[in-house]
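Just so you know, residue 1 is the first one in the sequence shown, and it goes up from there.
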Amino acid sequence: MTRVSRLDGLLARLRKFYGALPAPPADPFTLFVWEVLSVHSVPRKRDAALGALKRIRALTPDAMWRAPQKKLEESVTLAGPYVEQRMRALRTGVDLFRRSPQITAVIKGPAPAALKALKPFPQMGEGGAYRMLLFAGGHAVLPVDARVSRTAARLGYGELHADFKKTARSIRIAVSAQLPETIAAYRLAYLLLSQHGAATCTEGDPHCSVCPLLEECPEGQKRLQSAD
């Protein structure tokens, strides 16, 4: 008989609450572009920019390198401000992908080598590197960004530290202990925890009154009691 963990139950509630969620791109270069467009943007604008780049057929390193600058800028502008920084990051990424054609194989290889290879890529960070491993590399790992760390910690998984890397490691260990060792399970857990952190378990004013996890959330119960 398969043992159902507390986390399984929480994720099942989130899945029922949010329904099917879109996943990041599985192609490594497209996922890198997705990461660059995501910074200081919102999903709607990011997806509009990504769609525009797809329409001008600029979603491979060589194609983006050859694409007219004006068309690239027009597409990237749809993601919002910081166009110059995004363009600079994309140029750096294109150069890295073109100089390292084996990067896709490296990403699918051993995780330590993959993480090391991803360090030079701009606007990725540890969270982006782990997303690359999970969605493009096929590794059963948990990306921990601000949204996931907030949601997980409030639910009692892991500990918060001044050093975010220590926080991420603590949460990764605690969550992984209750997840099946499958890529699908890790992808679903990341998508649901991240969405919850974005839509309901927000930083300054979490919407505890509508949260499907309120009964089992220590932080939510504490906030509920302090409001009485």
- Candidates L191, L192, L21 - the one meeting side-chain contact (heavy atoms from CB on, under 4.5 Å) with R15: L192
- Student check: side-chain heavy atoms of E35 and Q123 closer than 4.5 Å: no
- Under 3.5 Å, is there a donor-acceptor pair between the side chain of R46 and the main chain of G80? no
- Between R13 and E216, does at least one N-O distance fall below 4.0 Å, as a salt bridge requires? yes
- Item | Non-hydrogen side-chain atoms of D27 and T60 separated by less than 4.5 Å | no
- Message: Given 3.5 Å as the limit, does a donor-acceptor pair link the side chain of S149 with the main chain of V144, or not?
- Response: no
- Can you name the side chain to side chain contact (heavy atoms under 4.5 Å, CB included) partners of D163, sequence neighbours left out? K165, K166
- Would you kindly confirm whether L59 and F121 end up in one hydrophobic cluster when ILVMFWY residues are joined by side chain heavy atoms under 4.5 Å apart? yes
- Single-linkage hydrophobic cluster, 4.5 Å side-chain cutoff, F135 and L188 together: yes
- Item | D95 and R99 ion-paired at < 4.0 Å | yes
- Query: How are the rings of F97 and F29 set relative to one another: parallel (under 30°), tilted (30 to 60°) or perpendicular (over 60°)?
  - Reply: perpendicular
- Query: Less than 4.5 Å apart, any side-chain heavy atom of L53 and any of T30?
  - Reply: no
- Message: Hydrophobic clustering (ILVMFWY, side-chain heavy atoms < 4.5 Å, transitive) - are V39 and V76 grouped together?
- Response: no
- Item | Side chains of Q221 and Q225, donor plus acceptor under 3.5 Å | no
- Query: Between Y130 and Y190, is the gap from one ring center to the other below 6.0 Å?
  - Reply: no
- Task: Please confirm whether the backbone N or O of I103 pairs with a side-chain atom of S100, one donor and one acceptor, at under 3.5 Å?
- Result: no
- Task: Determine whether more than 12 heavy atoms belonging to other residues, nucleotides or ligands lie under 6.0 Å from atom OH of Y18.
- Result: yes
- Examine distances only and state if a side-chain atom of T167 and a backbone atom of H161 form a donor-acceptor pair shorter than 3.5 Å. yes
- Item | Side chain H139, main chain I107, donor-acceptor under 3.5 Å | yes
- Item | Single-linkage hydrophobic cluster L96~M132, side-chain heavy atoms < 4.5 angstrom | yes
- Item | R131 (side chain) donor-acceptor with L31 (main chain) under 3.5 angstrom | no
- Under the side-chain hydrogen bond (donor to acceptor under 3.5 Å, both in side chains) rule, what do T151 and Y157 come out as? Steps first, then yes or no, please. CA-CA 9 Å; T151 302; Y157 293 97; over 6 Å; no
